[in-house]
Number of protein chains: 2
Amino acid sequence: MKQEQRNTGLDREAVVRKLREHGITPTQQRVDIATVLFERPQHVCADQVLAQVNAVESLVSKATVYNTLGLFAKKGLVREVLVDPTRLFYDSNMIPHHHMYHSDSGMLEDVAPGQVQLGALPEAPEGMVIEGVDVVIRVRRI
Amino acid sequence: MKQEQRNTGLDREAVVRKLREHGITPTQQRVDIATVLFERPQHVCADQVLAQVNAVESLVSKATVYNTLGLFAKKGLVREVLVDPTRLFYDSNMIPHHHMYHSDSGMLEDVAPGQVQLGALPEAPEGMVIEGVDVVIRVRRI
DNA sequence: TTCTGTGCTAGACTTTGTCTAAACGCAATT
DNA sequence: AATTGCGTTTAGACAAAGTCTAGCACAGAA
Ligand SMILES: [Mn+2]
Ligand SMILES: [Mn+2]
Ligand SMILES: [Zn+2]
Ligand SMILES: [Zn+2]
């Protein structure tokens with residue numbers, strides 16, 4: 001993670017703007033975390049974020065990483081993905097899509113929404129709204 | 001849980017038969033656990049199974065409950081459902097269906113497969129098979 | 001300056017689940 | 001009857017993910 005590699009992500013200013021757009025006060029730590037998340041679209045769990053953000057020097061505590069990921073999810077900056085019963089993944093790709101989960105390897109792949117034909121959904125019960133529909137295609141080695 | 005209530009589930013013999021059909025040696029503990037599971041179609045986590053099976057007298061250890069639920073899932077007797085990041089649910093209803101998850105209350109409801117029109121799915125990658133497709137409709141109070 | 005609110009932190013704690021090593025049950029062999 | 005073998009069960013130690021608490025930092029308002 002040095003300055004040799006091309007950075008396809010957002011620069012610090014763009015990250016700050018993005019947080020503001022979602023009604024999040026852009027603190028130092030939140031910007032650090034968001035910078036890691038939006039470096040590229042990825043599926044990442046809290047542990048990995050903690051490691052990445054503190055790779056060079058210790059910048060952010062565990063509690064803050066967990067709190068911030070929760071906050072980002074609530075504010076619609078990232079999306080939670082449940083495929084592994086032992087940990088929660090955060091998806092920094094907010095373009096609507098589904099997932100293919102390789103249960104052998106734990107690998108998680110995006111599936112374009114056009115690849116899955118989702119027809120009529122059931123109505124949400126009275127007084128409720130559909131928050132989202134998650135489709136996970138689980139695959140394994142033959 | 002006395003003998004007053006009508007038992008819609010399977011009797012001990014039927015449970016033993018069911019285990020055998022799935023290639024599972026029907027030990028005392030496994031039959032106890034299966035009896036709880038198939039008393040009625042339900043979504044239940046390991047903790048709850050442990051509590052239910054040991055309600056009257058201590059019959060089965062924690063390790064055995066976890067091992068057995070894992071075994072049952074592997075053998076296709078029950079189905080794992082991932083909706084709550086903190087625990088794994090087991091579904092004793094193996095008829096294909098989807099789920100509606102009430103994120104406020106943690107309630108989990110079945111959705112008939114006809115209610116969700118799942119069209120063409122993507123091919124599994126070379127050398128892989130689709131194990132299953134999970135559809136979870138997350139709803140919450142307005 | 002003092003007060004107030006928000007955010008950050010270390011580290012204790014909780015919960016879910018796994019692992020280990022010993023014991024058990026039961027059948028086949030001697 | 002005693003021995004062996006093997007699959008199963010068990011208590012309890014352990015691991016990992018995540019939450020909580022209590023104190024501190026800091027900025028803006030009064
Ligand atoms: Mn539980
Ligand atoms: Mn977890
Ligand atoms: Zn994704
Ligand atoms: Zn179900």
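Per chain, numbering begins at 1; letters A, B, ... match sequence-line order. These numbers come from a predicted model, not from an experiment.
- Remark: Arg87(B) is not in phosphate contact with dT15(C), judged by side-chain N or O atoms under 4.0 Å from OP1 or OP2.
- Not counting sequence neighbours, Arg141(A) has no partner by the salt bridge (charged side-chain N to carboxylate O under 4.0 Å, His left out) test.
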Donor-acceptor pairs under 3.5 Å, side chain of residues 73-81 of chain A to any protein atom, not counting sequence neighbours: which ones?
| unit_1 | atom_1 | unit_2 | atom_2 | d |
| --- | --- | --- | --- | --- |
| Arg79(A) | NH1 | His97(A) | O | 3.1 |
| Arg79(A) | NH2 | His97(A) | O | 3.1 |

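- A donor-acceptor contact closer than 3.5 angstrom is absent between the side chains of Gln29(B) and Thr68(B).
- When the P atom of dA17(D) is taken as reference, atom NZ of Lys62(A) falls 10 Å away, rounded to whole Å.
- The ring pair (Phe, Tyr, Trp, His ring centres under 6.0 Å) contacts involving residues 16-46 of chain A comprise His43(A)-His99(A), where partners must be two or more places apart or lie in separate chains.
- For DNA chain C, none of the residues of residues 13-29 of chain B falls under the heavy-atom distance limit of 4.0 Å.
- Other members of the hydrophobic cluster containing Ile142(B), listed by chain and number, are Val129(A); membership follows side-chain contacts under 4.5 Å among ILVMFWY residues, whether direct or relayed.
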Can I get a per-line list of side-chain donor-acceptor pairs under 3.5 Å for residues 111-119 of chain A, giving both atom names and the distance, sequence neighbours left out?
none

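- Set against dG18(D), dG17(C), dT10(D), the side chain of Val60(B) has dT10(D) as its closest nucleotide.
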Filtered N/O pairs between nucleotides 21-29 of chain D and protein, under 3.5 Å:
none

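- In this view, Arg20(B) satisfies the side chain to side chain donor-acceptor pair (under 3.5 Å) rule with no residue, not counting sequence neighbours.
- In this entry the distance linking CD of Gln48(B) with P of dT15(C) reads 15 Å, nearest Å.
- For residues 49-71 of chain B, no pair satisfies ring pair (Phe, Tyr, Trp, His ring centres under 6.0 Å), with sequence neighbours left out.
- Looking at residues 64-81 of chain B, you'll see Tyr66(B) sit with a heavy atom under 4.0 Å from some atom of DNA chain C.
- Under the salt bridge (charged side-chain N to carboxylate O under 4.0 Å, His left out) criterion, Arg40(B) pairs with no residue, sequence neighbours left out.
- For Ser61(B), whose side chain is taken as the heavy atoms from C-beta onward, the closest listed nucleotide among dT16(C), dA11(D), dT18(C) is dA11(D).
- Applying the side chain to side chain contact (heavy atoms under 4.5 Å, CB included) test to Glu13(A) and every residue at least two apart in sequence or in another chain returns Asp11(A), Arg17(A).
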